[in-house]
Amino acid sequence: MKIELKEISKSFGPVAANTKINLSVSSGEVLGLLGENGAGKTTLMNILTGLYQPDSGQILIRDQERKFYNPRDAIKNGIGMVHQHFMLVPVFSVSENVILGNEPITNVNRINKKEAREEVLKISSKYNLDVDPDELVERLPVGVQQRVEIIKILFREAELLIFDEPTAVLTPQEVLDFFRIVSNLKKSGKAIIFITHKLHEVIQICDRINVLRRGEMVGEANPKKTSNSELAELMVGRSVNLKTKRPKINRGKVLLETKNLQVMSNKKEMGLSNINLKLHENEILGIAGVQGNGQTEFIEALTGLRKISSGEISYFDKRYTNLSPRKIHKMGIKHIPEDRQKQGLINEFSIIENVVLNTYYEDAFSNNISLNWNSAKSEAARVMKQFDVRASSETIPANNLSGGNQQKLVIGREMSRKINLLIASQPTRGVDVGSIEYIHSQIISARNAGIGILLNSTELEEIIALSDRIIVFFEGKIVAELSSNTDPQIIGMAMAGVVN
């Protein structure tokens with residue numbers, strides 16, 4: 001099977017999202033698709049999957065032109081997509097999610113749940129996906145939920161699988177599992193388009209790499225002959241410094257301290273046990289750990305999103321416990337949440353409204369009766385310019401932005417405020433290399449200006465590059481405190497609970 005896009009163009013008003021794009025992928029091939037946030041990758045894939053119709057150009061399958069007026073047309077032609085934010089119903093089982101909209105029917109016009117379950121097991125076994133068809137999706141870890149999405153499109157007999165930022169929410173172990181899945185799909189003859197911002201991943205897993213920049217195809221690279229720096233320059237149009245410079249600086253007084261902190265998890269079990277730490281001014285304290293080892297509960301406790309069971313949290317030597325998120329925010333503690341869509345933004349709200357989401361009541365934006373829209377709009381425009389949030393207008397809803405631009409919007413909003421303590425969780429998730437360079441420089445600048453930063457990231461390279469000290473979480477406890485010069489292998493062992 002060969003799929004070709006020829007001279008595809010798509011505009012939204014005056015904004016050209018895609019301009020005369022040519023792209024092809026064949027069975028048994030993994031094509032990497034790189035580009036900055038807003039480069040047009042998602043728009044192009046939405047055209048290929050029938051969500052959008054192109055203004056001009058052709059889609060060819062086995063040299064025959066096809067027109068997709070909706071996603072069902074694309075599915076009928078063997079094209080399926082695993083979106084960055086999964087399209088699953090949490091309270092449904094795996095098999096119910098897989099068959100949703102394409103249910104097998106018995107002779108008496110009822111859903112054939114037995115056939116659905118058997119088909120899920122068959123696909124799971126064939127591609128080594130290891131999924132329980134009877135488990136509720138809400139109980140599954142993120143990596144397994146992704147497998148359910150893959151089974152869902154394989155159930156519809158997809159020959160081309162499109163993965164949009166598939167590793168953005170995965171732990172390092174889950175990434176390795178995902179790569180094995182891709183390898184199995186490739187061996188079975190599936191064509192794959194792999195969209196990511198992680199340059200080392202496309203080099204590792206892809207057969208060819210295409211690069212988009214500002215809606216145009218600017219180049220193709222051979223993974224065996226290229227490098228991270230070459231790909232970054234092709235994406236951004238300039239050289240990108242992939243190494244973070246973190247000058248030595250004397251840390252200041254203690255800014256944040258926890259003593260014997262204990263917090264319950266969502267399962268009503270002890271999620272955190274006896275957490276003791278200190279964070280100073282002029283310091284970045286990195287939290288390393290496999291997702292699900294208490295980092296989320298810890299940060300939610302610090303930001304007022306989760307009640308603590310026992311222990312103390314102190315800020316500038318003053319105890320604060322179980323305060324509301326607003327009170328904590330007003331104290332100068334700012335929070336970049338790990339999930340921009342669930343906790344960082346209201347997707348239906350405009351960029352303007354999201355920029356003032358947690359400060360709308362302040363004098364700069366309010367007269368205690370109504371919002372000062374002119375001030376809010378000016379602030380939104382400033383944040384967009386400073387943090388390169390790409391959109392046609394400040395008035396468009398946040399869900400019209402690409403994932404990376406949504407992330408930059410959240411970061412810009414939080415880092416534009418008066419800060420003493422910045423709690424940054426997955427700050428560069430889904431963000432392109434040019435933006436990562438800028439965000440890292442802003443975090444370092446904040447630290448140099450006296451701000452204390454608690455950095456939680458599943459990207460071990462990011463933790464090592466930015467942190468002055470590193471603590472490692474495992475099963476709700478701090479199992480190690482290490483310097484940033486520590487061998488990554490030792491940090492990785494600690495993340496697995498192996499500590500000398």
[X] [atom1] to [Y] [atom2] distance, which is reported to the nearest 0.5 Å:
{"X": "Thr196", "Y": "Ile205", "atom1": "OG1", "atom2": "CD1", "value": "10.0 Å"}
{"X": "Ile470", "Y": "Ile491", "atom1": "CD1", "atom2": "CD1", "value": "4.0 Å"}
{"X": "Leu422", "Y": "Ile336", "atom1": "CG", "atom2": "CD1", "value": "4.5 Å"}
{"X": "Leu454", "Y": "Ile471", "atom1": "CG", "atom2": "CD1", "value": "6.5 Å"}
{"X": "Asp177", "Y": "Arg147", "atom1": "CG", "atom2": "CZ", "value": "5.0 Å"}

Test applied, side chain to side chain donor-acceptor pair (under 3.5 Å); reference residue, Asn358; option that passes from Lys334, His329, His335: His329
Considering the options Glu283, His280, Glu281, which one meets the side chain to side chain contact (heavy atoms under 4.5 Å, CB included) requirement together with Val254? His280
With side chain to side chain contact (heavy atoms under 4.5 Å, CB included) as the test, pick out the partner of Val137 among Val144, Val89, Asn97, Val91. Asn97
Who passes ring pair (Phe, Tyr, Trp, His ring centres under 6.0 Å) against Tyr315, sequence neighbours left out? none
Go through the structure and list residues passing ring pair (Phe, Tyr, Trp, His ring centres under 6.0 Å) with Phe86, not counting sequence neighbours. none
Hey, are [Y] and [X] close enough side-chain-wise for a donor-acceptor pair under 3.5 Å?
{"X": "Thr296", "Y": "Arg306", "result": "no"}
{"X": "Thr167", "Y": "Glu201", "result": "yes"}
{"X": "Ser310", "Y": "Gln262", "result": "yes"}
{"X": "Ser445", "Y": "Asn448", "result": "no"}
{"X": "Lys408", "Y": "Ser435", "result": "yes"}
{"X": "Arg417", "Y": "Thr359", "result": "yes"}
{"X": "Glu462", "Y": "His440", "result": "yes"}
{"X": "Gln406", "Y": "Gln341", "result": "yes"}

Any side-chain heavy atom of [X] within less than 4.5 Å of one from [Y]?
{"X": "Ser350", "Y": "Ile396", "answer": "no"}
{"X": "Leu255", "Y": "Phe316", "answer": "yes"}
{"X": "Ile299", "Y": "Asn456", "answer": "yes"}
{"X": "Glu36", "Y": "Arg213", "answer": "yes"}
{"X": "Thr321", "Y": "Leu323", "answer": "no"}
{"X": "Arg413", "Y": "Val356", "answer": "no"}
{"X": "Phe12", "Y": "Thr43", "answer": "yes"}
{"X": "Gln442", "Y": "Gln386", "answer": "yes"}

Using every non-hydrogen atom in the two residues, find where Gln426 and Ser457 come nearest and quote the distance to one decimal. OE1-CA, 3.4 Å
Please state whether the rings of Phe179 and Phe194 are parallel, tilted or perpendicular, taking 30° and 60° as the class boundaries. perpendicular
Checking side chain to side chain contact (heavy atoms under 4.5 Å, CB included) for the pair Phe365/Trp373: CA distance, chi angles, key distance, verdict? CA-CA 7 Å; Phe365 306 116; Trp373 283 98; over 6 Å; no
Any chance [atom1] of [X] has more than 12 other-residue heavy atoms, nucleotides or ligands included, within less than 6.0 Å?
{"X": "Glu461", "atom1": "CD", "answer": "no"}
{"X": "Asp487", "atom1": "CG", "answer": "yes"}
{"X": "Asp363", "atom1": "CG", "answer": "no"}

Is there a side chain to side chain contact (heavy atoms under 4.5 Å, CB included) between Lys198 and Glu459 once you walk through the steps? CA-CA 11 Å; Lys198 300 179 181 181; Glu459 300 290 338; 2.7 Å; yes
Where do Ile195 and Thr42 land on the side chain to side chain contact (heavy atoms under 4.5 Å, CB included) test, with the steps shown first? CA-CA 9 Å; Ile195 305 170; Thr42 301; 5.8 Å; no
Hey, mind stepping through Lys330 and Tyr361 against side chain to side chain contact (heavy atoms under 4.5 Å, CB included) and telling me if it holds? CA-CA 11 Å; Lys330 290 173 75 172; Tyr361 54 85; 3.4 Å; yes
Just by distance, do the side chain of Glu96 and the backbone of Ser93 share a donor-acceptor pair under 3.5 Å? yes
